[in-house]
Structure formats: C-alpha cells, structure tokens
Amino acid sequence: MSRRLVVGLAAVALTTTAIPAEAEQASSRFPSSAFPLGTSAAPVKNQRSVAPGVELFSVTHGKSTQGWTVSVLMPNGHDNGPLPTAQARAEAVQAAGFTPALVKIVQPAAADAPAVERYMVRVGLWTFKQRAKADKVVKELKEYDIPAKTDYLGDDGTATTGPWNMHVLMVDPKVFRGSFKTSVGKSVAKRETTSSMSKLTGAIAGVNGGFFNIHTARALQGDPVGVSVVGGRLLSEGVAGRSALVITDSRKARITELKTMVTAISSDGAKAEVNGVNRAAVAEELVLYTEEFGAKTAADGGIEVVIDTQGRIVNVRQAGGAVPRGTAVLHGTGLAAAWLQEHALEGSGMRVDTKVIDLRTQRAIPLTHRTYVMGGGVGLVRNGRVRITAAADGHASVNMMLRRHPRTMVGITKSGGLILATVDGRNPGVTVGASMVEAAQLMRWLGAKQAINFDGGGSTAMVIGHKVVNRPSDGAERTLGDALFITP
C-alpha cells in the first residue's frame, strides 16, 4: 500500500468555558435567559401540559459547524494518555507516512478531583460532509497496525456551536398532586426498558435511572450500581458517600450523599454485617436476597437460610435456589457461611436490620412505603453552585467529565419543584449531548438548586404516557436497571 500524507491539525490545548457561580433561576418556570451553551441566544422551545402541574418542554438550540478528525488509540485502547505514551504513538503515525498532531486536553477539575492533563494524537481535519475521507485514513492506519477511530469534533467537550436537542419535564409543587416513584421493574436482576417500567408503574412520565452492573452475569445485570429503595424496601446496597435522589412522603425530593448499613441479628444475639443486597456474592460474603430479586441464588458451595416475614428461619439449605414469595434469603460463603451454620438454626429467629443514612445530617432515613431512593451517577449542583462529585461517584475520567454524551439529569428547585431533563447526543449534525460540566450548567440554567446526573449514553430515555419522546443514541430503547417516574 502506498503511503499518503494527510494534513494534520495544529497542536492545540482544549479547554472548557467558565461556570457562573450562582444559579440563575429559582422557580419551576422555564428560564427566559439565553441558552447557557454555544451562541448566546434564546432556544427554540415547544411546551405542552402532561398533567396538572407537569409541563413538558422540547428545546433545540444551535447549529452544526464542526467536522471530523481521526483519533489514534493508545495501547490500552483509550483515545488519550500521558505525554510519553502519546509521543510514542505520534512517532509511529509519522513513521507510517502520516502527519500527526499532538493535542493536549484537560479533564476539568471536580469538587473532589483535580484537573488532569492528558494528550491525544490526531490526524487530519475534514468538513462534516467529508467523513468518508476520515474513515479511509482509519483503514490506512490499520494497515500499519495503528488502531484509530473517526472522531466528530463536536464530541470533544470544547467550544461548540451545537446543536442541542433537549426534553425537560418541570413539576410545579404548588399544583401537582401526584407522586414520585422509582422502579426496578418486575425484578432487580432483569433489565427492562424505561417504557416497560412506566407501564408497570402506571406512570404519567419518567426518565431512566442510575447506572446498572454490566460487569456481572447477564441474568443479573439489572442490579443497580448503588443504593435502591422502592416503597421503603432496600433492594440494592449503597456505595458509601455517593450521591442519590431521596423521595419521602411520596413527592418530597432531595439530593444527598448516603451510606447503607445492613446487619443480620440471630436469636442468640450474634450479629454479622450483610455485605450486599440482591447481587452476586463473592468469597467470604453475606448477601441478602429479597423476593424482588427475580433470579436463583448461586450454587457456589455456600449456605443459605430462608427467613419469613415474621423473622423466623423456615429453611437452612445449600446455596442455590429461588427466593420464595414472602421470604428473604441470607446467602453466606466462606466465613459468612460458617457464621450461618453456627447461629442460624431452623425454627429459630433471624432479624435483618436495614438503615439508610443521610451523610449530610447523619440521620437514618425513615423507610416507609412512601420512601424511594435512587443512586444516580454524579452530583452536579449543590445549593445553587456547581459541585461535581466525580471521584466519590466513580466517574472522574476524561470520557465522563470532558467528552459529550447523551445525559439524563434530575434537579430540585428552591421551591421544591422537580426537574427531569434529557439531552440527546452521539448524533453529529443533529445533537451533540453534553459534558459533565455542561450538564451542571444546563441544570442550573433550568433553575435547579440541587442536581444529579443519572445514567446517560444509550440509556438516556424520557417517556410520556409510556412512549419514548427523545431519540436514544442506540437507535432503540436500551434495557436498564431502574427508572424514576411521575405517577398520578
């Protein structure tokens, strides 16, 4: 194959725009100020009433002015790395006969993580209509065992003209008389679509929920990564210190940081920490399975006790079986199995004490049938100021902080109103999505005094009357772990 010289990008540093310090809007009304991203101008919006006190706004802003480049992948498969790694990659690209550009990028600082300087290697620059030329260079680089991808410049997280396509649900607390609820669908273990969970819940509207565990057995991937409480029942343990949406008394919502404490207490007074709820157990763990689990426990050589609603042990068995209706199962492996063998006798008692602690107040949240808790992804806004808790919430990376993706966000106004927002992305020329910083800017613009980022990407979905109103980036609705709903 003949070598081709491709004109490279000039080496540039990619930076993000500054964020105003205070929230611009305090009520549940749609903002009258300019769209906070791109060109300063009012967005185009359409409004319709979904239910008394619930308004839907379809928002568009900006236009596409950017094109394509080729991003060279580092040995670990990522498109960025430390300077020495990127320099070595650039030398390989140059040796293959192409002109590389070494591009510095900066992962924005979060409230709990510093800014991080990284580098990319890129080749070429083409207009929006010239994608085929970028694709051709990717193929040519592959001939030299240099992996690369065609990259849309609007995804970079740097200055862009858009466009953006958003859907925003605003709930007026003075008018709305319904409830807010979370749902895991028919079971914790199984993944379902937001629209199917909407039908099951009888919802007016809703959005997808938090992240779910894709790094477990396929049959268990509906398990939320983080805390989940549905109707006062803890269905997934929390990761201490991570952000969550808390709903009490049906429609009082707040965002805070949580931890969960689950303790098994036998009738002889012995206590043991329960390490997980409705998830796969690992060695030396005690895991609680509730009837909402919806799958069989693992036959891993451990011990299980089946407990009825009165706290009486009705069966001691080898691990591996269903969770009978009206019961819970404690599953122990290793030392946890030995503890069960010693303290859990058939016919005796076993109580499981469950606490969800608000780390801001250090108080337990009352777990009533009107309590719902959903672990989101990343805290965005606190007390009207941008406060992105990327490290505590497990998302301090270039991909999550800087790059633009579809996003699902939830906010609470000063007056107690609820804001559910989606911004579509990964659709060059139609909608670019948002970086984590931009997601925070959007929520503050919409009037959120508190805001959280839920799962995004292909999971981003908003449903009205059980039908999806946005355009999921996968091309179809994704199955996921949980969802948040507005109900009659």
Side-chain angles (χ1 to χ4, degrees), residues 19 23 108-114 180 182 184 207-213 223-230 232-249 251-263 273-277 279 353-368 371-397 400-401 407-414 416 418-421 436-437 439-440 443-444 448-456 481-482 484:
I19 308 166
D112 56 358
F180 308 139
T182 64
V184 295
V207 293
N208 66 285
F211 291 84
F212 49 95
N213 189 4
D223 173 34
V225 178
V227 63
S228 174
V229 174
V230 177
R233 291 174 61 81
L234 181 68
L235 302 184
S236 178
E237 80 277 12
V239 178
R242 288 194 176 176
S243 305
L245 174 72
V246 178
I247 299 164
T248 55
D249 296 329
R251 59 174 177 268
K252 292 181 181 178
R254 70 180 188 272
I255 292 165
T256 187
E257 296 76 44
L258 302 174
K259 70 175 181 179
T260 54
M261 299 172 61
V262 185
T263 307
E273 178 187 359
V274 177
N275 307 104
V277 181
R279 63 161 172 81
D353 182 58
T354 300
K355 288 186 174 69
V356 179
I357 308 296
D358 184 332
L359 293 178
R360 295 189 189 181
T361 65
Q362 295 300 320
R363 294 180 179 178
I365 296 170
L367 298 181
T368 74
T371 302
Y372 295 82
V373 181
M374 177 175 285
V378 177
L380 297 175
V381 178
R382 181 171 177 175
N383 298 330
R385 295 177 178 269
V386 170
R387 192 174 188 276
I388 302 173
T389 52
D393 292 321
H395 294 286
S397 68
M400 292 302 296
M401 285 290 291
R407 301 278 178 181
T408 300
M409 300 90 73
V410 175
I412 300 162
T413 68
K414 185 177 181 179
L418 191 69
I419 302 170
L420 310 184
M436 198 72 76
V437 172
M443 292 309 290
R444 290 177 65 257
K449 297 292 286 186
Q450 314 287 333
I452 191 171
N453 181 86
F454 279 0
D455 191 6
D482 56 7
L484 170 65

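Reckoned from all heavy atoms, side chains included, excluding hydrogens, waters and symmetry mates.
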Just verifying a value: how many Å separate Gln362 CD and Lys259 NZ, rounded to the nearest 0.5 Å?
6.5 Å
Check whether any side-chain heavy atom of Leu380 sits under 4.5 Å from a side-chain heavy atom of Arg407, and report yes or no.
no
Establish, from distance only, whether the side-chain atoms of Thr182 and Asp482 form a donor-acceptor pair under 3.5 Å.
no
Counting N and O atoms only, with roles assigned by atom type, does the side chain of Ser236 sit under 3.5 Å from a partner on the main chain of Gly226, one being a donor and the other an acceptor?
yes
Can you list the steps and then say if Ile419 with Thr413 is a side-chain contact (heavy atoms from CB on, under 4.5 Å)?
CA-CA 8 Å; Ile419 302 170; Thr413 68; 3.7 Å; yes
Just to verify, what does Phe454 make a ring-ring contact (aromatic ring centres under 6.0 Å, His included) with, not counting sequence neighbours?
none
For the pair Glu237 (side chain) and Gly276 (backbone), establish whether a donor and an acceptor sit closer than 3.5 Å, ignoring hydrogens and angles.
no
Search all heavy atoms of Thr260 against all heavy atoms of Gly238 and return the closest pair with its distance.
OG1-N, 2.9 Å
Considering only heavy atoms from C-beta outward, does the side chain of Phe212 approach that of Asp223 to under 4.5 Å?
no
Tightest non-hydrogen contact, residues Gly377 and His395, listed as O-CD2, 3.8 Å
When you measure from the side chain of Thr371 to the backbone of Pro366, do you find a donor-acceptor pair of N or O atoms at a distance under 3.5 Å?
yes
Before you tell me yes or no, could you show the steps for Val356 and Leu234 under side-chain contact (heavy atoms from CB on, under 4.5 Å), namely the whole-Å CA-CA distance, both residues' side-chain angles and the distance that decides it to 0.1 Å?
CA-CA 8 Å; Val356 179; Leu234 181 68; 4.3 Å; yes
Polar contact flag, side-chain donor to acceptor under 3.5 angstrom, Thr408-Asn208
yes
Would you call Asn383 and Gln450 a side-chain contact if the rule is heavy atoms closer than 4.5 Å?
yes
So, using side chain to side chain contact (heavy atoms under 4.5 Å, CB included) as the criterion, who are the partners of Ala113 when residues are at least two apart?
Ala110, Ala391, Ala396
Residue pair Gly241 / Ala392: nearest heavy atoms and the distance that separates them:
O-CB, 4.1 Å
Using modelled atom types and a 3.5 Å cut-off, is there a donor and acceptor pairing between side-chain atoms of Asp393 and backbone atoms of Ser243?
yes
Sequence neighbours left out, what passes salt bridge (charged side-chain N to carboxylate O under 4.0 Å, His left out) with Arg233? Give chain and number order.
Glu292
So, taking the atom named CZ in Phe180 and the one named OG1 in Thr248, what distance separates them when rounded to the nearest 0.5 Å?
11.0 Å
Let me see the working for Glu257 and Arg242 under side-chain contact (heavy atoms from CB on, under 4.5 Å), right down to the final yes or no.
CA-CA 5 Å; Glu257 296 76 44; Arg242 288 194 176 176; over 6 Å; no
What distance do Thr389 atom OG1 and Arg382 atom CZ have between them, rounded to the nearest 0.5 Å?
9.5 Å
Should Ile255 and Ile412 count as side-chain neighbours, where that means a heavy-atom distance under 4.5 Å?
yes
Which heavy atom of Met443 sits nearest to which heavy atom of Ala421, and what is that distance?
SD-CB, 4.0 Å
Does Asp112 use its side chain to pair, donor to acceptor, with the backbone of Ala390 at less than 3.5 Å?
yes
Is any side-chain heavy atom of Val229 closer than 4.5 Å to one of Ile365?
no
pair Asp358-Arg254: side-chain heavy atoms closer than 4.5 Å:
yes
Closest non-hydrogen atom pair, Arg251 against Ile247:
N-CG2, 4.2 Å
Heavy-atom check, side chain of Ile388 versus side chain of Val378, under 4.5 Å:
yes
Between Ala244 and Leu258, the two heavy atoms sitting closest are CB-CD1, 3.5 Å
Other residues, nucleotides, ligands: >12 heavy atoms within 6.0 Å of Arg360 CZ
yes
